[in-house]
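Chain letters run A, B, ... following the sequence lines, proteins first and then strands; every chain starts at 1.
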Amino acid sequence: MLNITALLESIRESPYRDNVVVAPHTGRLTFASDISLGQSVTGPTGLWKEKAGTLLAILERERNPKPITALEKGEICALHSELEGQFVQAGTAIATIRHMLTREEVEHIILQQTLHLFAAPERAKYYFIPEVDKKMHASDEPSVKVHPGMELFIMSRMKREVHLNYTGPAGIIYAVYFKHNENIDAGAPLVGICTSEQLPEIQEVIARIKTEWK
Amino acid sequence: MDKKAQLKAEVDRLLSLPLTEHVVLVANRGEIAMRIMRACHALGIGFAAIYTASDEHSGHVRLARELGGDNCLYCVSSYHDANELMSVADNFHCTAVHPGYGFFAEDFRFARRVTKRDRPMIFIGPSWKIIRELGDKINTKRLARSLGVPTVPGSDRPIYEEVEAERIAKSLFEFQVEQGVTHPLVLVKASAGGGGMGIEEVYDPDQFRQVFRRVSNYALRQFKDEGVLIEQRVKDFNHLEVQIVSDRSGKHPVHFGTRNCSIQSSGRQKRIEVAPGFVPDTLEYNFDAAKLLTNIVDYSLAMATKVGYDNVGTWEWIVTRTGEPFLMEVNTRIQVENGVSGCIARLPDHKQVNLISEQIRLGLGEPLGYTQAEIATEGVGLEYRIIAEDPQNNFTPWVGRIDQFTWEPAPWLTLLTHVPQKESYEIPTEFDPNLALAIIWGKDLEEAKQRGLRFLDSLKLQGENAQGQELKANIGFLRDNTTNLLRF
């Protein structure tokens, strides 16, 4: 059984994370006129997160202006204003946003320690096999059942694809930790599985975070 | 002057510049980027180089700094993003773009964009119209058939419909049975694929539909186009190539001989290449090999002349055991294995020929400067592709860290690699785990083979993966396949 109180305490000691905003590609950078150090920013909002976050800068490349917006709510704790008007390379740090963790994020952190994690065996891109992918898209609530030996993923590396079978306890896919077309490092979790015996424990974790995280 | 005329005038102006006034964007990575940089440097041409975050320890990044300084090097988000390349080219005031091989090398839209933008540049490769015409396997097949050049029986356009695909496959199975083939086979391949990827064989007509769906899905995931080609699978063949070179006039293409690329992995990717394609003076063949080589060279030149081919390119051929050639495809770019032809080629004032330098020089508008009669060949060249993979396990790529990579230098050996020798190197998973190319020259086939084996014996390649398992490489496979090179 997890010591949820201790986990929450350790998160409370530094209840934020610093997100470095980097140039997604090359281009000429212009900061938004109303951006300054210490300013509060918001992430995407709206029912489907369709409204972009606070505009931080514009990166112009091949006459295409790309708005760089805050992806999370927080406060600007570093701003590289010396890059104003400069041609920047991909990956150049533009600003840092200090984001205070939300209850859902704390839930996510603690659930990772509760669920059975199925990890990536190799650094590669991962996809659910088409049948599982369809089921995942079809339901909002976790409902896709897995069992040991079940063909679950396509592992794609260097254009070669191999099917990957699930190993671990039978249960339902409770959390998905990989994104389409992104490389996942060896050892990083791909999915979190909740067994039927674990379900009460998971429900308790969520209930306690709801009451204890303010 | 209208915009079109202005663009043409600007490209013509660029093509008339002296070589030393050009700046080339090296739009590639790894060993080919290194070869392009070295060739530019030797020709007195400036260059800009690119890399991605996962490639920051690659040898091409170090060489760019060494030859061009820190300013010529740009970190980009992806080698596949044309906007990134154009943005860097503009920032560094490049006049030309060299695509290397892979990535944008055979993308006619990219080549067209380079030459037709507001600040046009030269695309170092054939003109975009030629890439469009020949770069597509299907158009090539149609053109070849119109000139009487033999091609492999099968579809001459991408197939998307299952019913149509099954009809073609059925006719190919029946055709082979009529020809007396005891085990007919059909090949299903991604029409947008290349380099041997996305190809499967069908033995049983009842299995066809399943394979078609699998290849089609794979093609959609990897190449964003689910079209497939369906062809007769010609078994028991040698894979030959003809190296064509031409200047911007496109009027007098020449050839730099043939190559034999028959030693391949189970996924049909080349592992050893030899020039020339056959050695009829040394080995005996069941057919007139000298005549066959002449025929494929003549067919290739006829097609190059017909389309006004205006840079380097490779015509790829299948040759059956009875000596029948079939054109497979045309690669409208420099090939990985160009060095093996260059090492046996002789021009009046050159000991060897650097085909990448030739490609750059001709691409930037210089005239060819020699005729076919002045191109001679001497000896035999062979190239080993040293790859981190497990030949015993279907050539599965191996990923991990290289700790030691050394070899014994020799005057007959050229080793091209982006793997650093002085520090450990983590193989990026985004690309094929190609480690090096070793090009070996010998006065005849026997000497080339002996030297090849000597090189392989001297090679020290060690490393381990995240699980602490020892590095796997194809050295044993290369050694085993050296004995019977060019025998058919």
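R61(A) touches chain B through its side chain: at least one heavy atom from C-beta onward sits under 4.5 Å away, while N, CA, C and O do not. If you measure heavy-atom distances from N91(B) to chain A, the contacts under 4.5 Å come from the side chain alone. With a 4.5 angstrom heavy-atom cutoff, P130(A) does not touch chain B via any of its atoms. Only the backbone of P428(B) comes within contact range of chain A, judged by heavy atoms closer than 4.5 Å. Residue T92(A) does not touch chain B at all, counting heavy-atom pairs closer than 4.5 Å. Contacts of I427(B) with chain A are made by side-chain atoms alone, with heavy-atom separations under 4.5 Å and no backbone atom involved.
Counting heavy-atom neighbours within 6.0 Å of E470(B) CD, excluding the residue itself, gives a total of 12 or less. Sparse packing is recorded around NZ of K472(B), with 12 or fewer heavy atoms of other residues, nucleotides or ligands lying under 6.0 Å away. Summarising the local packing, CD of Q392(B) is surrounded by 12 or fewer heavy atoms from other residues, nucleotides or ligands at distances under 6.0 Å. Annotation for R117(B): atom CZ counts as buried by contact number, over 12 foreign heavy atoms lying within 6.0 Å.
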Hey, mind stepping through Q89(A) and V88(B) against side chain to side chain contact (heavy atoms under 4.5 Å, CB included) and telling me if it holds?
CA-CA 9 Å; Q89(A) 300 185 25; V88(B) 169; over 6 Å; no
I would like to know whether E62(A) and S87(B) meet side-chain hydrogen bond (donor to acceptor under 3.5 Å, both in side chains); could you show each step before the answer?
CA-CA 6 Å; E62(A) 284 284 279; S87(B) 159; over 6 Å; no
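Salt bridge status for E430(B) with R157(A): absent, with no side-chain N to carboxylate O gap under 4.0 Å.
Taking chain A as the reference chain and counting heavy-atom pairs below 4.5 Å, the highest number among D81(B), D90(B), N465(B), T396(B) is found for D81(B).
The minimum heavy-atom distance between P24(A) and S77(B), with the atom names listed, is O-CB, 3.1 Å.
Judged purely by atom type and a 3.5 angstrom limit, E84(B) has no side-chain atom pairing as donor or acceptor with the backbone of H25(A).
Under the 4.5 Å side-chain criterion, counting only non-hydrogen atoms from C-beta, F87(A) is in contact with Y74(B).
For the atom pair CE (M86(B)) and OG1 (T26(A)), the distance works out to 10.5 Å, reported to the nearest 0.5 Å. To the nearest 0.5 Å, atom OG1 of residue T429(B) and atom CD of residue E122(A) are 9.5 Å apart.
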